[in-house]
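Proteins come first, then strands; the chains are lettered A, B, ... in the order of their sequence lines, and each starts at number 1.
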Amino acid sequence: MSEDNINNKEESKPSISFIEQFVAEDLEGGKNSGNVITRFPPEPNGYLHIGHAKAICLDFGLAKKYNGKCNLRFDDTNPVKEDVEYVDSIKEDIHWLGFDWEEREFYASDYFGKLYDFAAELIKRGLAYVDDQPAELISSQKGTPTQPGTESPFRNRQADENLDLFRRMNKGEFDEGSRVLRARVDMTSPNMHLRDPIIYRIIKSPHHRTGSSWKVYPMYDFAHGQSDYFEGITHSLCTLEFEVHRPLYDWFIDQLKTDDYRPRQIEFNRLNLTYTMMSKRKLLELVQEGIVKGWDDPRMPTLCGLRRRGYTPESIKKFIDLIGYTKVEAINDVSLLEHAIREDLNIKAPRVFGVLNPLKVIISNYPEGKEEDVELINNPEDETMGKRLVPFSRVVYIEQDDFMEIPPNKFFRLAPGMEVRLKGAYIIKCEGFKKDEATGVIEEVYCTYDKETRSGGSGSERKVKGTLHWVSAKHSVDAEVRLYDRLFNHEDPSGQKEDDYRKFLNPESLKVLTGCKLEPSLKSAGKLEKFQFQRLGYFCVDTDSTDRKLVFNRTVQLKDTWAKVNK
RNA sequence: UGUCCCGUGGUGUAAUUGGCAACACGUCUGAUUCUGGAUCAGAAGAGUUCAGGUUCGAGACCUGACGGGACAACCA
């Protein structure tokens, strides 16, 4: 192999997605004067979820990489479903992810005037007509994917009359549903979207931005492509289901454009995650039916839910980077998302002691009333995070799981006669325990400690098989800890034809633990602050937490090879 | 009985545009560890849905099957 080849291998760039390849080609071809302008176009009718994050990362990320701009545009063409509540949450979530649209905050409703004029122009050119038929009739005349449609009796209405009716529709002279404006394309097209699509309908509810100045509203298909055109979008990135809409968008732009410029639409696969679902409608049902506690319930795949769960924007972006953009409809394993958050928090989260299911351990030869501070490293992955002092005393709590009366093989924890290290403190030996014979519950464990084995001390070299986390009973703070598991116990809960997704709800998706014992330093933790509870997982302070009642959420468990062995 | 899109280890993606399939997650070993975490070393696992064709050479190109998906809201 020549030296050149070796160098090439070492320098080989990470591959870019097919979308980015198209963009790069356009740039090389001198299209759009070398500009890249994208847009993220949410409808303000729900909260953003991780699937939207995939689009956001693409739209904003690509623009940034190619020195372009990305607009935020709310597709607010349906006043009956949309609300400012959603506008605000969407903006917050995009910022949280770390993207910014500067002053370019647009609304499809900004273009209602232009869109109306364009529709009027289409009428004048004989390319649009007012249809007086009811919805069911129009629908039945559309035909089916395998059968051509039939033409409306109003299809050949004269332009003057169409124009007059369209104006009067907008003045509120007609009832909702009584008339629509349709584009005059081709009722026999194999593409259903081209069969004289409805482009305007009468809606009399007020709009969150334009109030009641309009009585007629453009359909999404009539607003979206043209909005891109008005904004000078060069690359219009969207999900696969809009592929069949593209010919329609092109048809509109053909009527509208005055030069060579036109936005290039590129479709990619939407994000699917195992054991959850992304349908906004179904997520709304979970909220409305009280199955979850709100849009920001930590079990939700919404960005606010993930944020409250303890996910970082970096971990979400890393995950999205890992899964890539293709045209294959894929379902991604949540374990990859979990890997991303573990990897991020491993570096960032300070380690602390928290005992979820406390078991009292009495160290009988440790002087009563004595207490001492032991020093612990905050994060072995990052020395700059320093050390802290944790109080130790005669009575400590350990995890119930860390003691067994009759241990199986390879149980490196506490059991009668066995020794174990209390991390950062001493080696202790189990001398006995107290058990409620009726229930079989272990109530207390009695140990002795080896004074010489204090961590960092002269006798600390001695090895024992297990190391446990612990909390001094006297100094511990109580907390509620919420353990989350997947919301559904089916990989694809909403993809089952026969069964409603509700059938697959995991009854154990939330377990609330009270009386958990935490080390005292946690008392002052701020909301959403993240920690690794050593040997257990990553946790963050819930937004419900107060000074009087600490509440933590478990973001994700640590990998647990013992649990696997134990199976 | 249509039109459009897609088929690469268990999962998600690569393959310098035609030169004998790479990475990540997961899985399994082992080392190490005062977290059964992290880290380190290693392993197993696909011959690219199938059948033809073009070519010296195909995961890439062509044809045809097969399989999956999208499209029939006055939703977006």
When the [atom1] atoms of [N] and [M] are considered, how many whole Å apart are they?
N      : M      : atom1 : value
U48(B) : U29(B) : P     : 31 Å
G68(B) : C25(B) : P     : 32 Å
G2(B)  : G19(B) : C1'   : 41 Å
G7(B)  : G59(B) : C1'   : 11 Å
C20(B) : G57(B) : C1'   : 9 Å
G26(B) : G12(B) : C1'   : 11 Å
C61(B) : G42(B) : P     : 36 Å
A14(B) : A21(B) : C1'   : 9 Å

d([atom1], [X]; [atom2], [N]) in whole Å:
X       : N      : atom1 : atom2 : value
R182(A) : A73(B) : CZ    : P     : 12 Å
I377(A) : G37(B) : CD1   : P     : 18 Å
F154(A) : C74(B) : CZ    : P     : 17 Å

Using both distances under 3.5 Å as the test, list the Watson-Crick or G-U wobble partner of [N], or none.
N      : value
A65(B) : U49(B)
G10(B) : C25(B)
G18(B) : none
A60(B) : none
A73(B) : none
A31(B) : U39(B)

| query | Nearest nucleotide by nearest heavy atom, which residue falls closer to the 5' end of RNA chain B, Q21(A) or D333(A)? | reply |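 Going by which nucleotide is closer to the 5' end, it is D333(A).
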
| request: Would you indicate which nucleotide in C5(B), A24(B), A15(B) comes nearest to any side-chain atom of L336(A)? | output: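 Of C5(B), A24(B), A15(B), A24(B) is nearest to the side chain of L336(A).
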
| request: State which of U3(B), A76(B), G37(B) makes the closest approach to the side chain of E381(A). | output: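 Closest of the options to the side chain of E381(A): G37(B).
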
Look at [X] and [N] and indicate whether a side-chain polar atom (N or O) is within less than 4.0 Å of OP1 or OP2.
X       : N      : value
T144(A) : U1(B)  : no
R535(A) : G36(B) : yes
S335(A) : C25(B) : no
T326(A) : C6(B)  : no
N269(A) : U13(B) : yes
H193(A) : C71(B) : no
S15(A)  : U16(B) : no
K559(A) : A38(B) : yes
K564(A) : U27(B) : yes
R246(A) : U3(B)  : no
R342(A) : C25(B) : no

| Is the side chain of R168(A) donor-acceptor paired with the backbone N or O of G172(A) at a distance under 3.5 Å, no angle test? |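 No, the answer is negative, given that no donor and acceptor are paired below the 3.5 Å cut-off.
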
Ion pair [X]/[Y], N-O distance below 4.0 Å:
X       : Y       : result
K318(A) : D344(A) : no
D110(A) : R73(A)  : no
E241(A) : R270(A) : yes
R246(A) : D250(A) : no

| said: Could you check whether R39(A) makes a cation-pi contact with F106(A), meaning its NZ or CZ is under 6.0 Å from the centre of the six-membered ring and within 45° of the ring axis? | reply: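 Checked: cation-pi criterion not met.
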
| request: Taking the six-membered ring for Trp and the full ring for Phe, Tyr or His, determine whether the centres of F242(A) and Y249(A) are under 6.0 Å apart. | output: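 No, the ring centres sit 6.0 Å or more apart.
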
| field | Syn or anti for G47(B) (syn when the glycosidic angle lies within 90° of 0) | value |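 Syn conformation for G47(B).
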
